[in-house]
Every structure is written in structure tokens, then in C-alpha cells.
Amino acid sequence: MDKSKRTFLKSKRSFRRRLPPIQSGDRIDYKNMSLISRFISEQGKILSRRVNRLTLKQQRLITIAIKQARILSLLPFLNNEKQLERTEPTTRTPSLRARKR
């Protein structure tokens with residue numbers, strides 16, 4: 001088959017258009033936590049536009065809203081599930097300068 005004929009063949013998979021993640025009635029605001037939390041990863045990072053399927057304007061508004069919510073401590077800056085825990089206390093060894101006295 002020629003290359004010119006291959007480009008015009010339709011794929012056999014059916015393409016179903018996904019619904020947009022932000023509806024027209026949704027307001028992008030730092031107070032709308034149910035909307036904002038959909039665009040944050042488990043670690044607390046802002047997801048990219050490609051992952052979110054947002055327009056450029058929507059991604060900018062989401063980013064600003066997330067940053068405002070973080071500043072107002074509605075969202076954590078980091079979402080670490082593992083808290084820093086020290087099971088064994090570390091003992092400090094005296095430095096060489098202190099030993100020579």
C-alpha cells in the first residue's frame with residue numbers, strides 16, 4: 001500500500017469525546033475546594049494542562065486559585081503522607097576540637 005493511501009484510512013477504534021473537566025456554570029475560585037482539589041496530584045502538585053484537559057485561560061485561573069488557597073492555608077503546600085518521624089534519636093559525637101583540650 002502506498003503511503004499516500006495510508007493517511008486516508010480511518011482507524012477502527014471509535015472515538016468518544018470526553019466531557020470537559022470544568023462546566024460552564026463552575027466558578028474558578030480559591031473558595032471552591034471541590035473544583036480545585038480535582039487538579040492537584042496526591043503529592044499536592046498542580047497537574048499540567050495536558051493531564052487536566054483545560055484551556056490555557058482555565059489553567060491559569062486554576063493555578064492562581066490553588067496558589068491563593070495555599071497562601072490562605074486552605075490547601076497544604078506539600079501533601080506528604082509520611083510524616084518525618086525519628087524512631088531512634090541520633091547521638092552526636094563530640095568534635096575533634098573538643099577532644100584535644
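Starting from 1, each residue takes its place in the sequence as its number. All values below were derived from every heavy atom in this structure, side-chain atoms included, with hydrogens, water molecules and symmetry-related copies excluded.
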Q | Co-members of the apolar cluster containing L61 [side chain, <4.5 Å] | A |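 Taking Ile, Leu, Val, Met, Phe, Trp and Tyr as members, L61 shares its hydrophobic cluster with I22, I28, Y30, M33, L35, I36, F39, I40, I46, L54, I62, I66, L72, L74, L75.
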What distance do [X] atom [atom1] and [Y] atom [atom2] have between them, rounded to the nearest 0.5 Å?
| X | Y | atom1 | atom2 | answer |
| --- | --- | --- | --- | --- |
| R49 | R60 | CZ | CZ | 9.0 Å |
| K45 | F77 | NZ | CZ | 15.5 Å |
| Q59 | R50 | CD | CZ | 12.0 Å |
| N52 | R38 | CG | CZ | 10.0 Å |

Q: Can you sort out the partners of D26 under side chain to side chain donor-acceptor pair (under 3.5 Å), two or more places apart, ordered by chain and number?
A: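 Counting only residues at least two positions away or on another chain, D26 forms no side chain to side chain donor-acceptor pair (under 3.5 Å).
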